[in-house]
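Lettering of chains follows the sequences in order, A, B, ..., and the numbering in each one begins at 1. What you see below is based on every heavy atom in this structure, not just the backbone, and it leaves out hydrogens, waters and symmetry mates.
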Protein chains: 2
Amino acid sequence: MAKTVVPEQRRRRRRPTRGGTVLSEQLIIDTALRLLREHGSTGLSARRLGLALDCDPSALYRYFHGMDELTLAIGDALIGQALDGWSATGDGRADLRAIGLRIHAAYVAHPQAALLTASRVTGRAHELAADEAIIGVLRAGGFPLTATVRIYHAFIDQTLAFAALDAGALALPRSARRADEDIWESTYARLPAGDYPRIAEAAPRLAHEMVRSAYPSALDMLLDGAFLAALGATASSAGATGERQ
Amino acid sequence: MAKTVVPEQRRRRRRPTRGGTVLSEQLIIDTALRLLREHGSTGLSARRLGLALDCDPSALYRYFHGMDELTLAIGDALIGQALDGWSATGDGRADLRAIGLRIHAAYVAHPQAALLTASRVTGRAHELAADEAIIGVLRAGGFPLTATVRIYHAFIDQTLAFAALDAGALALPRSARRADEDIWESTYARLPAGDYPRIAEAAPRLAHEMVRSAYPSALDMLLDGAFLAALGATASSAGATGERQ
DNA sequence: CTCCTTATGCCAACACCATTGACCTTAGAA
DNA sequence: TTCTAAGGTCAATGGTGTTGGCATAAGGAG
């Protein structure tokens, strides 16, 4: 078994490391976040963290069962950060847009943690508060329960999914990330128009578009779809059925 | 520099390994997919691959410049599978819907591989073909270039993002997955209506809704938004439900 | 103020990982 | 048949997370 981890509350002895730092769960999380921000996204490892905290890497295992648990602890803090200070304005569409952008931003600011966290359901306080807020906005906006649940699901999963996708791009080693971005200019922009007429035509705009997150656009389209459909408009007039299976 | 990689077409000599297997790009990719399925998303490494192929890990570097390039090749194989046999019907919205569902399905069918590749840009043949198809559908549907690029970006990223999110859920260890799903009945369904009135009200429907993928719904909303906006409607001016409660 | 327990930091080691350069064998063109 | 270089192998480098054993000092008990 691993080393014994004492819950932060029950910690009594605080023995300084050889370098003089006094460790704590909070200090470790903060330092990890700093490492992630400063030293790039590959910059978090037990060894580096030990270096930054001036302690042996193995000392971290007195506070977390493993790097995985540390990452989850970081992720847990993110959810709280995202909606801290938010309040409804009464404009349902604008409120949902703001909530989505906030959550997305908080996750993307810490890509590693986002990757491990985004597809999990925690059932913890901050998550519950966010869900209550979202459903509240929809109900207050006059959506019936069935539509509310459907839109809530699409909305929250779209937000988390994009957060994870964009975080995934940010979490790549610098070289791979550069390579991915360069492809739009090195490959897509030089395709023979004979073989790929559509891409060739759109290439210059693609190079500009694809290096940014599509989340704001996608969010707007999803909200447009949800709110316009509520007005009685149907996409069938544009040649399709809005029905879901 | 690394070892020299000869493009698959120009390969002339096929020297069997010590164990008798004859390597090829295709065989390596297939074996990698098998390893991912069997051993989980962390189960793919040069060493394990070498073991499975009965060759030295370093032999792989004659076929790919590094594990990263292999990962991209795996991703491209998935896209290829997804659009194999697809052809346009002329109904733009329906075509996009079909493409989205196909790609989503292909990724979800290989959750471990999806996690590794969903956020990558490969620039390889199958990816190019898919992009050409999507942009082609939009242009043929009459969208101007600016709108085309914006919708294309939102569409493809949303598809990949949901694929990765849903793959992430499927890739969880069975126990963690059960736990995540149970939260909707154990936690959300039992919240005090006083503290969480909106969730309490929606709880029964949520329990049914949240165990399925939201991608089809979200896809429909996004397409509705894109195609309806093209008709001149805008949700911001409409704002009926958001107008005031 | 001293003693004793034990929490906690440190060390060394283990088992992985990707990648590389030198080597050697043999496929297949000439 | 020869002979070059493609392609498989070996050994080594420097990275990772993690663990068992040990030393030490924190802080309660007397």
Stems formed with participation of DNA chain D [Watson-Crick or G-U wobble, under 3.5 Å, three or more pairs]: C:1-30 with D:1-30
Assign a letter to each nucleotide of nucleotides 22-29 of chain C from its 5' end: B, base within under 4.0 Å of a protein heavy atom; S, sugar-phosphate only; -, no contact. B--B-BS-
For B:Asp95, check side chain to side chain donor-acceptor pair (under 3.5 Å) against everything at least two apart and list the hits. B:Thr89
Would B:Tyr196 and A:Asp131 count as having a side-chain donor-acceptor pair, cut-off 3.5 Å? no
With B:Asp56 via salt bridge (charged side-chain N to carboxylate O under 4.0 Å, His left out) - residues at least two apart: none
Residues 105-119 of chain A side chain polar contacts: donor-acceptor under 3.5 Å, at least two apart:
{"from": "A:Gln112", "atom 1": "NE2", "to": "A:Ser41", "atom 2": "O", "distance (Å)": "2.2"}
{"from": "A:Thr117", "atom 1": "OG1", "to": "A:Ala113", "atom 2": "O", "distance (Å)": "2.9"}

Taking ring-ring contact (aromatic ring centres under 6.0 Å, His included) as the cut-off, I'd like each qualifying pair that reaches into residues 154-182 of chain A, sequence neighbours left out, listed once. A:Phe162-A:Tyr215
Side chain of B:Tyr61: nearest nucleotide among D:dT9, C:dT8, C:dT20? C:dT20
A:Glu25 CD to C:dT8 C1', straight-line distance once rounded to whole Å: 15 Å
In short, ring-ring contact (aromatic ring centres under 6.0 Å, His included) pairs touching residues 3-52 of chain A with sequence neighbours left out are none
So, is B:Arg18 near the phosphate of D:dC10, with a side-chain N or O under 4.0 Å from OP1 or OP2? yes
If a pair satisfies salt bridge (Lys or Arg N to Asp or Glu O under 4.0 Å) and one of its residues is in residues 8-19 of chain B, list it, with sequence neighbours excluded. B:Glu8-B:Arg11, B:Glu8-B:Arg14
Residues pairing under salt bridge (Lys or Arg N to Asp or Glu O under 4.0 Å) where one sits in residues 35-49 of chain A, two or more places apart or in two chains, turn out to be A:Arg34-A:Glu38
Nearest-Å distance, CG (B:Leu53) to P (D:dG8)? 11 Å
With sequence neighbours left out, which residue pairs that include part of residues 194-205 of chain A fulfil the salt bridge (Lys or Arg N to Asp or Glu O under 4.0 Å) condition? A:Glu201-B:Arg139
Are OP1 or OP2 of D:dG8 and a side-chain N or O of B:Tyr63 less than 4.0 angstrom apart? yes
Show each protein N/O and nucleotides 11-15 of chain D N/O combination with a separation under 3.5 Å, one pair to a line.
none

Quick one: which residue pairs count as a salt bridge (Lys or Arg N to Asp or Glu O under 4.0 Å) with a foot in residues 63-80 of chain B, not counting sequence neighbours? B:Asp68-B:Arg120
Can you measure A:His65 atom NE2 to D:dT18 atom C1' for me and round it to whole angstrom units? 13 Å
Within the 3.5 Å criterion, strictly below it, is a donor on B:Thr21 or B:Asp54 matched to an acceptor on the partner's side chain? no
Is any side-chain N or O of A:Arg10 closer than 4.0 Å to OP1 or OP2 of C:dA7? no
To the nearest angstrom, the CE-P distance between B:Met67 and D:dT16 comes to 18 Å
Rounded to whole angstrom units, what separation is found between the CG atom of B:Leu49 and the P atom of C:dC17? 11 Å
